[in-house]
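Some notes on the structure that comes next.
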Amino acid sequence: MKIIDLLKSKKPVIAFEIFPPKPDVPLENILSSLEKFKALNPDYISVTYGAGGSQKGRTIEIASRAKKEYGIESMAHFTCVGHSYEEIDKMLDEMLDEGLENVLALRGDPPQNQPDFDFSKNIYRHASELIRHIRGKNNFCIAAAAYLEGHPECRLLKEDLLNLKLKVDEGTDFLLTQFFFDNRLFYDFLDKAESKGINCPIIPGIMPIFNSNIKVMTAKSGCSIPAKLVVMMDKYADNPEDLRKAGIEYAAEQIRDLIAYGAPGIHLYTMNRPKSTKEILVSAGLA
Ligand SMILES: Cc1cc2nc3c(=O)[nH]c(=O)nc-3n(C[C@H](O)[C@H](O)[C@H](O)COP(=O)(O)OP(=O)(O)OC[C@H]3O[C@@H](n4cnc5c(N)ncnc54)[C@H](O)[C@@H]3O)c2cc1C
């Protein structure tokens, strides 16, 4: 089923983001997690695409098996960075062959150890060009990424918003946001997006804090950490289990507030952790 149709018929749509295991880890690990995720009744799962196309085959395989073997609707992430035309079309054809109807179309980050990578040498310089290609080629439901605090590369937030509008105009059905820890950012963003004529559903991304690795992730993604979260992380710095529990409560509180505000769905970055995901859903009143 196309997720855009789901969004028209159900609110909130609950999605779990998972990532493929490293190449030396057997696929069985994530498959057994899928069984546990299925018990939590997500509306769909989305499967990330390894940076620079690493483990690309695994993304499609997991998304396809989630759908066919576990009966969970799925969406494959796809980044075009470093791919040739032929590779891009081959990946899209493979998705279609596997019966996948939903794709998160991304430009992707510079390849590892190439921070100054020149995107003008890439087949597509921006996700909007990839989205145009996918829209012209077949009948996927297309999602794209949105950045409430601006993409780390953008010089001006208003330019980032105009670039987002371009992605929507090229055929994006719905947007998924980068994670954030202050819901006011999301609510402000909705107003700004609307003022630019971005009218498709915008689904907030929630990243639970499971440990202090979040500092590295926020540094990379350019997301801010509110003072109350800094206080929380300091308080439980020597107690990982209490930090995990506090992180679960923080995420659940964000979710409760977003749903009360009328968010069309929740995109939960599960970090492949079914147990913690369940705890969040229970606390948020969703399980
Ligand atoms: C929900 C979500 C899921 C993600 N999943 C993955 C994943 O599975 N695998 C992975 O490797 N990465 C993933 N990412 C990260 C993503 O690949 C990076 O953030 C990447 O750097 C940008 O990809 P994009 O599609 O947003 O790029 P774009 O939309 O192309 O934007 C990149 C930059 O270019 C600018 N830009 C866009 N269009 C134009 C234009 N026409 N002219 C000038 N500037 C322009 C934008 O303002 C922005 O600064 C995800 C991000 C999000 C939010």
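When a residue number appears, it is its place in the shown sequence, counting from 1. Computation of the quantities below employed the complete heavy-atom set of this structure, encompassing side-chain atoms and omitting hydrogens, waters and symmetry-equivalent molecules. Read the numbers this way: they start at 1 and go in the same order the structure lists the ligands and their atoms.
- Heavy atoms of Tyr147 found under 4.0 angstrom from ligand 1 belong exclusively to the side chain.
- Taking 4.0 Å as the cut-off, Gly205 does not count as a neighbour of ligand 1 on heavy-atom distance.
- For the salt bridge (charged side-chain N to carboxylate O under 4.0 Å, His left out) test, residues two or more places apart in sequence or in another chain that qualify with Asp93 are Lys137.
- Heavy atoms of His267 found under 4.0 angstrom from ligand 1: none, in either backbone or side chain.
- The shortest distance between side-chain heavy atoms of Lys158 and Asn163 does not fall below 4.5 Å.
- With a 4.0 Å heavy-atom cut-off, ligand 1 is reached by the side chain of Tyr269 but not by its N, CA, C or O.
- Counting heavy atoms under 4.0 Å from ligand 1, residue Leu164 does not touch it at all.
- Remark: ligand 1 atoms within the under-4.0 Å shell around heavy atoms of Ala145 are 26 (O), 52 (C), 53 (C).
- Contacts with ligand 1 closer than 4.0 Å are made by heavy atoms of both the backbone and the side chain of His126.
- Residue contacts with ligand 1 for Arg107 involve both N, CA, C or O and side-chain atoms from C-beta outward (heavy atoms, distance under 4.0 Å).
- Only side-chain heavy atoms of Thr79 come within less than 4.0 Å of ligand 1; its backbone N, CA, C and O stay farther off.
- Here Phe78 and His83 bring their ring centres to under 6.0 angstrom of each other.
- Phe119 has its side chain within reach of Val81: a pair of non-hydrogen atoms, C-beta onward, lies under 4.5 Å apart.
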